[in-house]
Student: 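Sharing a structure, written as structure tokens. Questions coming.
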Amino acid sequence: MKMSINRRQISRRTILAGAAALGLTGTLAACGGSDDKDSGESSGPVKLTYWSWAPNMEKVAAIWNKKNPDITVTVSKQASGQEILSKLITAKKAGNAPDLIQVEYQSLPTLVSNDVLADISKYAGSTKSEFAEGLWGMVTLGTDALYAIPQDSGPLMFYYREDLFKKHGLTVPKTWTEFAETARAAKKAAPDAYLTTFSAADPGLFAGLSQQAGGKWWTVDPSGKWTVGIDDAATKQVAEFWGGLVQEGVIDNQPMYTPAWNNALNKGTHLAWVSAVWAPGVLVSSAPDTKGKWRMAPLPQWKSGDNVTGSWGGSSTGVSTDSKHAEAAAKFATWLNTDPEALAALVKEVAIYPAATKGQSGNVLTTPEFFSNQADFYTTAGEIAATTAAAAWGPNVNTAYTTFQDAFGKASKAKKETQFDSALATVQSKTFADMKKQGFEVTEA
């Protein structure tokens, strides 16, 4: 999902163009957009509200508040996902959105299209050098604007049971072709086991794998016309690859994060897991008996010699267009995601993997408990994170994800590669139709 658009020609207004059904574009055309208004800074003490779902974020904000009594931040705990997204849009319509917002990367276009997020490039644009290019592209949406500052990232990696790979004579795959060969070898060596599973319940993982392959799910041209290309050649390759392995019977077809999946990891009937940098925290509770038996390696590549990964998860810190203290809010967001003390607190208290490059190394990131046999875990993770491909999201990710779960759920259950193809086509058609219904100017790739 790399952006293939002219960064210099596209403005905030082009992202909003065509969204007449949202009831926003006429107002924006007349007034120039909410990010053109005065920041509303005052000479007295500033009080900011920050909506976040992350645990213990208030402890990190407390560090800031102690040092900055003139700009105090109060964290308001929220639910994540679609719930906070809907609540934010409702708050914006009422004119009372919070000053600061924790935003998942895939939700940024939806919030920008609903005029929830302000362009803070004049306050925080200089932070660009703190982040990998791919991550920065996610918060600019391929424009010269800046809608949020990256907070944490979820680069994809390959996790495997080192003991079982050794026992069965398996090789860690460097390409997806080798991955398929390893899956077949694993099934032959341990008939009651699988290398891993394809989970139709997790569209975020599939999106990250498509991102790595070069998929471009949403793009927008300088005039504001969107193109939906979820069924592009790169993503078809990913769908057919996994569908083929499921049909062949060498990859499981069960969803992740279920008791059965936990048991498969814990007992070793799943020998590996394609996941993100946050996987060790999941293994602690999902597979408690396997401590010290896992290792992590870079994601297999589509072409030998390539070095690129996708991402699964991650969030950023944005400033709302309703904030009367945009500059102060941007100052806090910058501190939160780039200051060494703040990054250390985010790791310790919130248990995130920082998006800032300088937060991905050092003593703060101690080797995960489950990977005591891999002391260079975070060194390797940092190298992988730097290769994250730029991702571009559209304004109706929720529609695409919901459709994915339904269509791919049926295909996975049927264990037919052809149904994986048709499932992808369904996601494409329904996502396109939804954007058209919303009033966007949109075409299909």
Side-chain angles (χ1 to χ4, degrees), residues 12-13 15-16 19-54 57-58 60-62 64-65 68-124 139 141 145-149 151 315-337 395-398 438:
R12 172 191 182 86
R13 202 167 292 139
I15 294 177
L16 296 164
L22 298 174
L24 296 169
T25 52
T27 302
L28 287 167
C31 70
S34 297
D35 48 20
D36 292 332
K37 69 185 179 183
D38 187 272
S39 63
E41 298 302 329
S42 62
S43 57
V46 172
K47 295 183 178 180
L48 306 173
T49 299
Y50 178 22
W51 281 13
S52 170
W53 63 82
M57 186 62 77
E58 66 279 1
V60 184
W64 164 271
N65 291 338
N68 299 272
D70 291 336
I71 304 175
T72 57
V73 177
T74 299
V75 176
S76 176
K77 199 63 168 290
Q78 304 292 325
S80 59
Q82 184 61 28
E83 188 171 334
I84 190 173
L85 201 61
S86 299
K87 191 173 180 180
L88 281 166
I89 293 171
T90 300
K92 170 59 190 176
K93 290 178 179 178
N96 58 8
D99 299 280
L100 292 145
I101 309 162
Q102 183 177 2
V103 186
E104 291 179 292
Y105 295 118
Q106 70 267 22
S107 298
L108 282 163
T110 301
L111 294 178
V112 171
S113 293
N114 282 275
D115 197 31
V116 176
L117 291 174
D119 173 7
I120 56 173
S121 56
K122 63 181 177 181
Y123 304 128
V139 293
L141 305 186
L146 176 62
Y147 296 109
I149 300 177
Q151 184 166 102
S315 60
S316 59
T317 310
V319 176
S320 84
T321 51
D322 282 348
S323 178
K324 296 180 180 179
H325 307 288
E327 185 173 2
K331 186 175 181 181
F332 170 77
T334 298
W335 172 86
L336 179 65
N337 299 307
N396 63 340
V397 172
N398 186 57
Q438 288 192 54

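FYI, side chains are in, hydrogens and waters are out, and symmetry mates aren't considered; it's all heavy atoms of this structure. Residues: numbered from 1 along the sequence shown. All figures in this text were calculated on a predicted structure; none of them were measured in a lab.
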Student: Rounded to the nearest 0.5 Å, how far does OG of Ser107 lie from CG of Asn114?
Tutor: 11.0 Å
Student: Taking all atoms of both residues into account, what is the closest heavy-atom pair of Ala328 and Val46, and its distance?
Tutor: CB-CG1, 4.2 Å
Student: Given side-chain contact (heavy atoms from CB on, under 4.5 Å), test Leu85 with Asn398 step by step and report yes or no.
Tutor: CA-CA 10 Å; Leu85 201 61; Asn398 186 57; 5.5 Å; no
Student: Any chance you could measure Gln151, atom CD, to Tyr105, atom OH, to the nearest 0.5 Å?
Tutor: 8.0 Å
Student: Please answer whether the main-chain N or O of Ser315 pairs with a side-chain N or O of Gln102 as donor and acceptor at a distance below 3.5 Å.
Tutor: no
Student: Name all residues meeting the side chain to side chain donor-acceptor pair (under 3.5 Å) criterion together with Lys47; count only those two or more places apart in sequence or in a different chain, and write none if there are none.
Tutor: none
Student: What residue among Val319, Thr317, Leu88 forms side-chain contact (heavy atoms from CB on, under 4.5 Å) with Ile101?
Tutor: Leu88
Student: Are any non-hydrogen side-chain atoms of Ile149 and Val139 less than 4.5 angstrom apart?
Tutor: no
Student: Given 3.5 Å as the limit, does a donor-acceptor pair link the side chain of Ser86 with the main chain of Gln82, or not?
Tutor: yes
Student: Return yes when atom CD of Glu83 has more than 12 non-hydrogen atoms of other residues, nucleotides or ligands closer than 6.0 Å, and no otherwise.
Tutor: no
Student: What's the spacing between Gln78 CD and Ser52 OG if we round to 0.5 Å?
Tutor: 9.0 Å
Student: How far apart are the C-alpha atoms of Leu111 and Ile89, what are their side-chain angles, what is the distance that settles it, and do they pass the side-chain contact (heavy atoms from CB on, under 4.5 Å) test?
Tutor: CA-CA 7 Å; Leu111 294 178; Ile89 293 171; 4.3 Å; yes
Student: Atom CZ of Phe332 and atom CG of Leu48: how far apart are they, to the nearest 0.5 Å?
Tutor: 8.5 Å
Student: With rounding to the nearest 0.5 angstrom, report the NZ to CG distance, Lys122 to Leu146.
Tutor: 12.5 Å
Student: Could you give me the CA-CA distance, side-chain angles and deciding distance for Ser320 and Lys92, then say whether side-chain hydrogen bond (donor to acceptor under 3.5 Å, both in side chains) is met?
Tutor: CA-CA 8 Å; Ser320 84; Lys92 170 59 190 176; over 6 Å; no
Student: Scan side-chain atoms only and decide if Asp119 and Ser121 contain a donor-acceptor pair under the 3.5 Å cut-off.
Tutor: yes
Student: Consider side-chain contact (heavy atoms from CB on, under 4.5 Å). Of Val73, Asn65, Leu336, which one does Val60 pass it with?
Tutor: Leu336
Student: Could you tell me which non-hydrogen atom of Val75 sits nearest to which non-hydrogen atom of Ala61, and how far apart they are?
Tutor: CG2-CB, 3.8 Å
Student: Let's go through Lys331 and Ile71 carefully: what are the C-alpha distance in whole Å and the side-chain angles of both, what is the deciding distance for side-chain contact (heavy atoms from CB on, under 4.5 Å) to 0.1 Å, and is it a yes or a no?
Tutor: CA-CA 9 Å; Lys331 186 175 181 181; Ile71 304 175; 4.3 Å; yes
Student: Would a distance-only check, ignoring hydrogens and angles, find a side-chain to backbone donor-acceptor pair under 3.5 Å from Ser316 to Val103?
Tutor: yes
Student: How close do Leu141 and Val112 get, heavy atom to heavy atom, and via which atoms?
Tutor: CD1-CG2, 3.8 Å
Student: Test your reading of the model: is there a side-chain donor-acceptor pair from Asp99 to the backbone of Ser323, 3.5 Å cut-off?
Tutor: no
Student: Just to verify, what does Trp51 make a ring pair (Phe, Tyr, Trp, His ring centres under 6.0 Å) with, not counting sequence neighbours?
Tutor: none
Student: Spell out, as yes or no, whether a donor-acceptor pair under 3.5 Å connects the side chain of Thr110 to the backbone of Pro395.
Tutor: yes
Student: State the OG1-CG distance between Thr49 and Leu100, to the nearest 0.5 angstrom.
Tutor: 8.5 Å
